[in-house]
Protein chains: 2
Amino acid sequence: MERSIQQLIERYLSVSFLVNKRGAALMKCELDDVTHDQYYVLRHIYKRGVCTSTELADVFAVNKSAITAMTNRLVEKGMIERGRGEDDRRIIALSLTEKGRKWLEETEQNVYELVEAIMTKLSHEEIEQFIQTYEKLAMILQEMGESK
Amino acid sequence: MERSIQQLIERYLSVSFLVNKRGAALMKCELDDVTHDQYYVLRHIYKRGVCTSTELADVFAVNKSAITAMTNRLVEKGMIERGRGEDDRRIIALSLTEKGRKWLEETEQNVYELVEAIMTKLSHEEIEQFIQTYEKLAMILQEMGESK
DNA sequence: ATTAAATAGTTAAATAATTGAACTATTTAG
DNA sequence: CTAAATAGTTCAATTATTTAACTATTTAAT
């Protein structure tokens, strides 16, 4: 393997790990009762309107039983609710409760301010370029996941 | 908050979550018995030669007791060992066993190949720029974590 | 020099995330 | 119309994590 590539990989492994851990730790401060993963479940349902366990399991790249456990906790907390599908009765539609929607909208404000405080230390172009590359990586990973 | 910034934040939250989850899922395939977090503990000790619980807790941004639990498992697996410090007897130096060192060196090969397969779908300059920005973010997060 | 405060690490109890296998209920296809 | 596929749950086990209480050791203040 080429030496310069190897160094890039080494740097990537170290820095991605660091940023994820520290980023999650900072975000946790804004999320009172809700965990980091639960926050992303709520976000996804909010953006979709309704969604299914299977869809969440695909997005999160985990087993469906992990989603069952997480959604159980969110139902207990009164943040989401389950509704049977009309046409296909195997499907259970997950949606935010009023409480869940309100909580998310308020919390998004705080999270946005946190991320903004970090991002604005970089130039607009640098952020834009960074996110574009990140999105390319997301697509590459998606393809690799599907092909397996 | 400015609208374009808000969109960047939204994109960042979505994509960073996706890449982390899917990246971790892909990496797990290479790590047989060892978990994702344990792999990074081993990596950190390998790079440092020896290190302490407190140092790991700082790097991972978790409590020291979380580190105790993780290192216990790694000791059970025969990957690392604990050694009392000579000068300060409170300190316990963590180091890789021969087995741990060999396992890590072999596994790094596979992980590197995995990351390389992803990276080489982007241009060298794009990766370099991406990692540089990532490293800036890491520094910003570090400062924010310290000031709190 | 002795005591009080700080530091390094562990233990224990609780919660959360995750996997894998076995299971129920429903739908689709041969 | 039965067999296979799909959607979701349950259960048992493992891992990661937090918080509070604890032990052992070192540093600092009087």
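Chain identifiers are assigned alphabetically (A, B, ...) following the order of the sequence lines, protein sequences preceding nucleic acid strands; residue numbering begins at 1 within each chain.
Set against dT19(C), dT17(D), dG9(C), the side chain of Thr52(B) has dG9(C) as its closest nucleotide. Residue Ile91(A) places its side chain closer to dA7(D) than to any other of dA7(D), dT18(D), dA16(D). Among the nucleotides dT26(C), dG9(C), dA20(D), the one closest to any side-chain atom of Ser65(B) is dA20(D). Counting only heavy atoms from C-beta on, Asp88(A) has its side chain closest to dT27(C) among dT27(C), dT10(D), dT11(C). Checked against dA16(D), dG9(C), dT15(D), the side chain of Asp37(B) finds its nearest nucleotide in dA16(D). Taking the side chain of Arg73(B) as heavy atoms from C-beta on, and the options dT10(C), dA8(C), dA16(D), the nearest nucleotide is dA16(D). Here dT18(D) is the nucleotide among dT18(D), dT11(C), dA16(C) with the atom lying nearest to any side-chain atom of Asn63(B). The side chain of Thr68(A) approaches dT9(D) more closely than any other nucleotide in the set dT27(C), dA16(C), dT9(D). Side chain of Thr54(A), nearest nucleotide from dG8(D), dA16(C), dT26(C): dG8(D). With dT18(D), dT6(D), dT25(D) as the candidates, the nucleotide lying closest to the side chain of Arg90(A) is dT6(D).
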Given the rule in the side-chain hydrogen bond (donor to acceptor under 3.5 Å, both in side chains) test, do Glu126(B) and Thr133(A) qualify, once you have shown the distances and angles that lead to the verdict? CA-CA 7 Å; Glu126(B) 185 167 4; Thr133(A) 303; 2.9 Å; yes

Please test Arg101(B) against Glu105(B) for salt bridge (charged side-chain N to carboxylate O under 4.0 Å, His left out), starting from the C-alpha separation and ending with a verdict. CA-CA 6 Å; Arg101(B) 193 188 56 74; Glu105(B) 285 173 355; 2.9 Å; yes

Where do Tyr39(A) and Glu30(A) land on the side-chain hydrogen bond (donor to acceptor under 3.5 Å, both in side chains) test, with the steps shown first? CA-CA 10 Å; Tyr39(A) 166 68; Glu30(A) 312 298 335; over 6 Å; no

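For His36(A) and Tyr40(A), the distance between ring centers is under 6.0 angstrom.
What separates CZ of Phe60(A) from C1' of dG8(D) is a distance of 17 Å, to the nearest Å. The nearest whole Å value for the distance from the NZ atom in Lys21(B) to the C1' atom in dT19(C) is 13 Å. In this entry the distance linking CG of Asn72(A) with P of dT15(C) reads 15 Å, nearest Å. One interatomic measurement links the two molecules: CD1 of Ile92(A) to P of dA25(C), which rounds to 13 Å at whole-angstrom precision. Rounded to whole angstrom, the span from the CD atom of Glu76(B) across to the P atom of dA16(D) amounts to 11 Å. Atom CZ in Arg82(A) sits about 10 Å away from atom P in dG8(D), given to the nearest Å. Ile67(B) places its CD1 atom 16 Å from the P atom of dT15(D), with the value rounded to the nearest Å. When the C1' atom of dA7(D) is taken as reference, atom CG of Leu94(A) falls 12 Å away, rounded to whole Å.
Ranked by how close their nearest DNA chain D nucleotide is to the 5' end, Asp87(B) and Gln38(B) are led by Gln38(B). Both Glu55(B) and Lys28(B) sit near DNA chain C, but only Glu55(B) has its closest nucleotide nearer the 5' end.
Residue contacts shown for Arg84(B) are absent, as no nucleic acid heavy atom lies under 4.0 Å away. Note on Asp33(A): nothing from the nucleic acid sits closer than 4.0 angstrom, heavy atoms only.
More than 12 heavy atoms of other residues, nucleotides or ligands shown are found within 6.0 angstrom of CZ on Arg82(A).
Between Phe130(B) and Tyr134(A), the angle of the ring planes goes over 60°, which puts this pair in the perpendicular group of the 30/60° scheme.
The phosphate of dA17(C) has OP1 or OP2 within less than 4.0 Å of a side-chain N or O from Thr35(A). In terms of phosphate contacts, Lys64(B) brings no side-chain nitrogen or oxygen within less than 4.0 Å of OP1 or OP2 of dC22(D).
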